[in-house]
Every structure is written in structure tokens, then in C-alpha cells.
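Numbering of ligands and ligand atoms starts at 1, following listing order.
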Amino acid sequence: MTAGEALVEGAALLRSAGADSPSLDASLLLGETLGMDRARLLSRRDAPLSPADEIRYRTFLSRRAEGECVAYIVGRKEFRGLDFLVGPDVLVPRPDTEILVEAALEAIDRTAAARPASSPPIRVLDVCTGSGCVAVALKAERPAVTVAACDISPPALAIALENAGRLLPGGAVSFFLSDLLQSVPGAWDLIVSNPPYVPSAVIGTLAAEVRREPALALDGGADGLDLIRRLVREGSARLDAGGRLLLESGPEQTALVADLLRAEGFSGIATRRDLAGRERVAGGSKTP
Ligand code: GLN
């Protein structure tokens, strides 16, 4: 069997299993099997698969057909141009969350511009870090800031630590095992979070791929806002004057999150849309 034949057969199998992007998924799984990136794979359609390759590829395809996402099968997901290790203990980084990173970078740059150059580093905390994607991307893109991250899940934190170790020079991000901010010391200039925000009753209706992700990372209680309400309160108490809180939420929740920030006394409330044009991030500054 050639790579080209394997792609056609794999895409057909995934299409009949109801996968959203069967050709893309088949090419990612075949690329993983053969140790090639997609561009190389697509230019080498006549490359033969060994019997062992074929078995490995078919195993990947059947896992995908049963509803496991490609990221969990290959154990990695690209986010902000970095290759993050992922597994069933963490949420798979989403393109939506790149908007949270963009909002954070703007807040960092605005703060830096408003301060004398000799000021101490800007302190950034990522709450509910999961795979560590937001914290690691921020440190990679703005090495001068101090970045810490926390999560309530020990296995998630282990993955975040591994990602930071692989993608950044040693000790570049500090990690805390913590229920939101409870066990994290200190005050911060910027707090960002992609907390669990899916309403409990909605979890069971999500796509098969999402239902395999940790409920702990998704379930935000009855209206999805349990953790966000706590973050607005705890964040306000732990930000320095002028510090900013940025929260990802579901599109139908973002206006409510903005209201929560306003009610807590935050100023400069703003929301931001994701790549699909849906409201996704709400932010506010701690009024001096
Ligand atoms: N964006 C995720 C989804 O749509 C939810 C992530 C979260 O709860 N933080 O399933």
C-alpha cells in the first residue's frame, strides 16, 4: 500500500464514521505513522507503507473512528506555533484560546509602555493552566515577563511542567497546585484564565471528542459560570491597582462575564471575538 492509497482509504473510513475533517485527520495520522509532516507526506504519495506502518495506521484510524481526537492519538497539539504534549488529563488547546493569548499580549505591552524601563518585570498568572499552553505561549512570546500558572489537577500540572520544560529554558514558568488562586502567593499585574465554563447539563450533549476531555476542565456548574464568578472575586483581591483580568468563556456568556466584572468594580471592560466572530474573552482592569 502507498501513502496515497492509505490517505484515500483512511479518509473514506473516517468520513463514514462521521468525522468532521476526514482527509485532514487521515493525513495527520498517516504523517504520525511515517514520521513525516503533512507537507512532506503530501509530496510523497508513492512512498510505500511497511506492514508494521499499516497496522499502526489502522490502529490510529480505528481510535479516531471511535471518537478519540487526533491530538490525543498523536499526543500533541500545536498552539501559537508551539507543539504541546497533550493527553486525556488536559483539555486540547483550541484556536479560540489563542484570542485569550492575544488579549494578554496587548495588556502586557500596554502595561510595559506605561512604566519606566527600569520597572520590575510584569507579573502574569495563568489560572486553570491545563496543558500550560497559555502560560508557556506568553512566556515564549514575551520572555521579559514573570509568568506563573496554577491548576487544581496534579496530572494536568505534570503535563504543563513537561511542556514548559520542553518549550522554554529551565525554570521559566512557576507552577502551583491550587484551587483557583487559593494556594498561589503574591499579587499580579495580569491574571488570565480559560476556566471550565460549560453548563453541567450541556456536557452530555457535546461532540464525542469533547466528552473524552476531562470533565474537570469543562464543567462550570449549572450556568457554567461557577468558576468565573469565583475568579472575578479572587482575581480582584489579588490584582495590583491597574492590573487586568482576562477570562475566556462561551460566546453566550461573555456579556454576562463583562457584567460580573463591572459589578465587582472593574473598569475598562472590553470583550473580544474569536476567529469565528463569536464573543470569547472578557476583560477588566482593577480600578486604582
Ligand atoms: N471551548 C471548550 C468547548 O467548547 C470549553 C472550554 C472550557 O470549558 N474552558 O468545549
Step-by-step side chain to side chain donor-acceptor pair (under 3.5 Å) determination, S249 to T254:
CA-CA 6 Å; S249 66; T254 307; 2.9 Å; yes

Apply salt bridge (charged side-chain N to carboxylate O under 4.0 Å, His left out) to R229 and D223, showing your working.
CA-CA 11 Å; R229 278 192 200 90; D223 65 355; 2.4 Å; yes

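For atom 8 (O) of ligand 1, the closest heavy atom belonging to the protein is Y197 N, 3.1 Å. If you check which protein heavy atom lies closest to atom 10 (O) of ligand 1, you get R94 NH2, 3.3 Å. For atom 9 (N) of ligand 1, the closest heavy atom belonging to the protein is P195 O, 2.7 Å.
Going from atom CG of L100 over to atom SG of C133 covers 8.5 Å, rounded to the nearest 0.5 Å. Rounding to the nearest 0.5 angstrom, the gap separating the CG atom in D126 from the CG atom in N194 is 8.5 Å.
No side-chain heavy atom of V92 sits under 4.5 Å from any side-chain heavy atom of V210.
Taking only nitrogen or oxygen atoms, main chain and side chain alike, N194 reaches within less than 3.5 Å of ligand 1.
Atoms of ligand 1 found under 4.0 Å from any heavy atom of L91 (numbered from 1 in listed order, with element): 6 (C). Close contacts of ligand 1 with V210, meaning ligand atoms under 4.0 Å from a residue heavy atom, involve 10 (O). Counting the atoms of ligand 1 from 1 in the order shown, those under 4.0 Å from a heavy atom of A217 are 7 (C), 8 (O), 9 (N).
Under 4.0 angstrom from ligand 1, there are no non-hydrogen atoms of T97.
With salt bridges taken as basic N to acidic carboxylate O contacts below 4.0 Å, one links R76 and E32.
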